[in-house]
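Some notes on the structure that comes next.
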Amino acid sequence: MADVDDFISLLSDRKRIVALTGAGVSTMSGIPDFRSSDGLYSRKYGRLDVETIVSIDFFRSHPDIFYSWALPYWFNMESFRPNIVHTTLKRMEDKGLLSLGIYTQNVDYLHERAGSRKVYPLHGSLERAYCTNCNAYHTYGEIAPVVRAGKVPVCRDCGSVVKPDIVFYGENLDMSMLQRAENAFANADLVLVLGTSLIVNPAAALPYISVQKGRDVVIVNRSETWLDKYALMHFDDLGTFFSEVDSKI
């Protein structure tokens with residue numbers, strides 16, 4: 001059975017390393033996930049399912065309900081801090097051990113707040129927002145206080161509703177970013193799959209690109225994934241694993 005020392009040895013022998021991070025990384029900072037037994041999908045908002053609230057058609061017709069629902073999770077980001085996974089990945093990048101960067105399914109921009117520079121948010125980021133009419137750019141810092149005041153943020157230029165730059169149900173991922181991700185996973189010689197059960201495609205399929213190329217995959221996730229049988233190493237506790245890695249790199 002592999003241990004962290006085996007992983008450290010593997011790191012020293014690989015030049016092109018990429019990471020995929022999911023909700024399990026964010027939950028360590030206190031941000032609830034969607035799909036676990038007590039995740040956001042298990043809780044209705046009034047009579048509404050969360051899947052409905054985070055769909056683009058619903059947002060267009062009821063932005064007030066979306067922002068009211070999202071306030072405690074997505075517009076109170078100052079309450080959440082990067083954890084040992086974020087900070088260790090940043091140190092790995094600084095040491096040249098994460099040359100192909102971090103592709104994340106999370107929208108909370110905690111990797112960036114930890115100092116990582118090569119971060120590619122596959123599902124968008126709350127750090128940015130855009131006007132639904134004129135596409136004017138707005139920052140999280142501009143719109144979050146408005147949301148916390150119980151209002152719908154509107155564009156400073158044209159007065160239309162502002163939408164956070166995240167991928168809602170019914171929207172497509174940024175195709176240029178997805179292409180970049182596919183290239184990274186095709187060219188990586190080591191893939192780290194961290195805190196994701198690999199359920200949501202197309203992000204969940206990215207590590208399989210590496211498997212098909214004969215690359216090594218290391219998975220750190222508390223639950224089983226469909227990719228486990230292909231993994232060179234598997235660990236089940238992100239906190240324990242990264243605490244040890246942080247002490248040894």
Side-chain angles (χ1 to χ4, degrees), residues 21-23 25-35 39-83 86 102-178 180 200 203:
T21 66
V25 175
S26 293
T27 58
M28 290 179 60
S29 291
I31 300 173
D33 67 358
F34 280 87
R35 297 177 182 277
L40 295 179
Y41 283 166
S42 68
R43 317 171 195 173
K44 284 184 177 291
Y45 188 71
R47 297 182 178 180
L48 293 170
D49 293 324
V50 171
E51 293 97 323
T52 298
I53 296 172
V54 294
S55 68
I56 187 60
D57 288 341
F58 187 86
F59 176 83
R60 287 170 177 152
S61 57
H62 301 287
D64 55 330
I65 296 177
F66 166 79
Y67 279 114
S68 178
W69 168 82
L71 168 57
Y73 315 112
W74 287 346
F75 293 95
N76 192 29
M77 293 306 300
E78 297 82 356
S79 299
F80 306 110
R81 296 286 182 267
N83 59 59
H86 299 108
I102 302 165
Y103 289 83
T104 184
Q105 296 172 279
N106 302 326
V107 298
D108 51 46
Y109 66 97
L110 287 176
H111 287 298
E112 292 91 334
R113 286 175 58 190
S116 291
R117 298 175 299 279
K118 295 181 179 180
V119 182
Y120 308 103
L122 294 163
H123 296 159
S125 173
L126 291 167
E127 191 175 20
R128 305 178 297 270
Y130 293 92
C131 175
T132 54
N133 177 51
C134 71
N135 206 41
Y137 171 80
H138 296 256
T139 66
Y140 171 86
E142 291 177 83
I143 71 169
V146 178
V147 177
R148 290 197 289 267
K151 301 176 182 178
V152 173
V154 296
C155 179
R156 74 180 85 82
D157 295 336
C158 73
S160 299
V161 172
V162 170
K163 173 187 174 293
D165 187 28
I166 60 177
V167 180
F168 283 66
Y169 282 122
E171 293 187 301
N172 295 320
L173 270 66
D174 183 306
M175 293 310 296
S176 62
M177 183 174 294
L178 185 58
R180 180 174 190 148
V200 180

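Position 1 is the first residue of the sequence, and the numbers go up from there.
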Partner of F66 under ring pair (Phe, Tyr, Trp, His ring centres under 6.0 Å), chosen from F168, Y169, Y73: F168
Exercise: identify the closest heavy-atom pair between L126 and P164: CD2-CB, 4.1 Å
Backbone of M177 reached by a side-chain donor or acceptor of D174 within 3.5 Å: yes
Shortest non-hydrogen contact between A129 and V162, atoms and distance: CB-CG1, 3.5 Å
Euclidean distance, L173 CG relative to L122 CG, rounded to 0.5 Å: 6.0 Å
Gap separating the NE2 atom of H138 from the SG atom of C155, nearest 0.5 angstrom: 3.5 Å
Nearest atoms (heavy-atom pairs only) where P121 meets V119: CD-O, 3.6 Å
Donor-acceptor contact present, side-chain D108 to main-chain L110, <3.5 Å: yes
Kindly list each side-chain donor-acceptor pair under 3.5 angstrom involving residues 142-150, sequence neighbours excluded, with atom names and distances?
residue, atom, partner, partner atom, Å
E142, OE1, R156, NE, 3.3
E142, OE1, R156, NH2, 2.7
E142, OE2, T139, N, 2.8
E142, OE2, T139, OG1, 3.3
E142, OE2, R156, NH2, 3.1
R148, NH1, F75, O, 2.8
R148, NH1, E78, OE1, 3.2

Nearest atoms (heavy-atom pairs only) where C158 meets N133: SG-ND2, 3.4 Å
G159 to V154 - nearest heavy-atom pair and separation: O-CB, 3.6 Å
Euclidean distance, D157 CG relative to C134 SG, rounded to 0.5 Å: 5.0 Å
Heavy-atom side-chain proximity of W74 to Y67 below 4.5 angstrom: no
Side chain Y140, main chain M77, donor-acceptor under 3.5 Å: yes
Main-chain N/O of V25 paired to N83 side chain as donor or acceptor, under 3.5 Å: yes
OH-OG1 distance between Y109 and T104, expressed to the nearest 0.5 angstrom: 14.0 Å
Check: S29 side chain, F80 main-chain N or O, donor-acceptor pair, under 3.5 Å: no
Spatial distance of atom NZ (K163) from atom CZ (R60) [nearest 0.5 Å]: 8.5 Å
Flag side-chain contact, heavy atom, 4.5 Å: R113 against R81: yes
Considering all heavy atoms, the nearest I166-E171 contact: O-OE1, 3.4 Å
Side chain to side chain donor-acceptor pair (under 3.5 Å) partners of residues 121-130, not counting sequence neighbours, each pair once: R128-D165
Atom pair CG/CH2 of L48 and W69 - distance to nearest 0.5 Å: 11.5 Å
